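Input: a single structure, listed below in structure tokens.
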Amino acid sequence: MEKKNKKLTSTKKLMMLVTVVRKSKTDFYVDLIESFGANMQLIAIGNGTTKATVFTDEIGSKAVIFSIVTEDKVKSIMSTLKEKFDTLRDGKGVCWTCPLSSVMGVTFFNFLSNNKSSIIG
């Protein structure tokens, strides 16, 4: 029997990028992060913070963007975000990342890591 040569792809670690910006700038930052290959983003609207609680509601003034990105793109995304925070009018914000320790399912992992070659074929 002859073994088929399968092309091996390296596993990229996934990170959750959390970005807090003014609600009016949400679409701009979502599009910017998506341009780096983020396939999944969630947005929560926040109204403010207290010592113990973050209030979220539809009429809040801040947006919290949760994006799933690959570890190899984090530096470039964060440096681009910092540049935009410093130069855009009313574009101030904060961002940080958290590693994802596991993702259930190969297909879902490939979707999140924007690994199109593994999804299609």
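Please read all numbers here as calculations on a predicted model, not as lab measurements.
Put simply, the side chain of Lys25 never gets that close to the backbone of Gly91: no donor and acceptor are under 3.5 Å apart.
Atom OG1 of residue Thr19 and atom CD1 of residue Ile33 lie 3.5 Å apart, to the nearest 0.5 angstrom. Distance check: Asp90 CG to Arg22 CZ gives 4.5 Å after rounding to the nearest 0.5 Å. Here the straight-line distance linking atom CG of Leu100 with atom CE of Met15 works out to 8.0 Å at 0.5 Å rounding.
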* To do: I would like to know whether Lys84 and Leu32 meet side-chain contact (heavy atoms from CB on, under 4.5 Å); could you show each step before the answer?
  => CA-CA 10 Å; Lys84 299 301 180 187; Leu32 178 68; 3.9 Å; yes
* Would you sort out whether Thr80 and Phe36 count as a side-chain contact (heavy atoms from CB on, under 4.5 Å), showing the intermediate values? => CA-CA 10 Å; Thr80 302; Phe36 285 93; 3.4 Å; yes
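Checking Val74, Leu81, Ile68 one by one against Leu17, the side chain to side chain contact (heavy atoms under 4.5 Å, CB included) holds for a single residue, Leu81. Tested against Val21 for a side chain to side chain contact (heavy atoms under 4.5 Å, CB included), the candidates Val94, Ile65, Leu88 yield a single pass: Ile65.
Contact between Phe85 and Lys92 at its shortest, heavy atoms only, is O-NZ, 3.5 Å. Heavy atoms only, all atoms of each residue included: Gln41 and Ser67 are closest at OE1-OG, 2.9 Å. In this structure, Val69 and Ala38 approach most closely via the heavy-atom pair CG1-CB, 3.9 Å.
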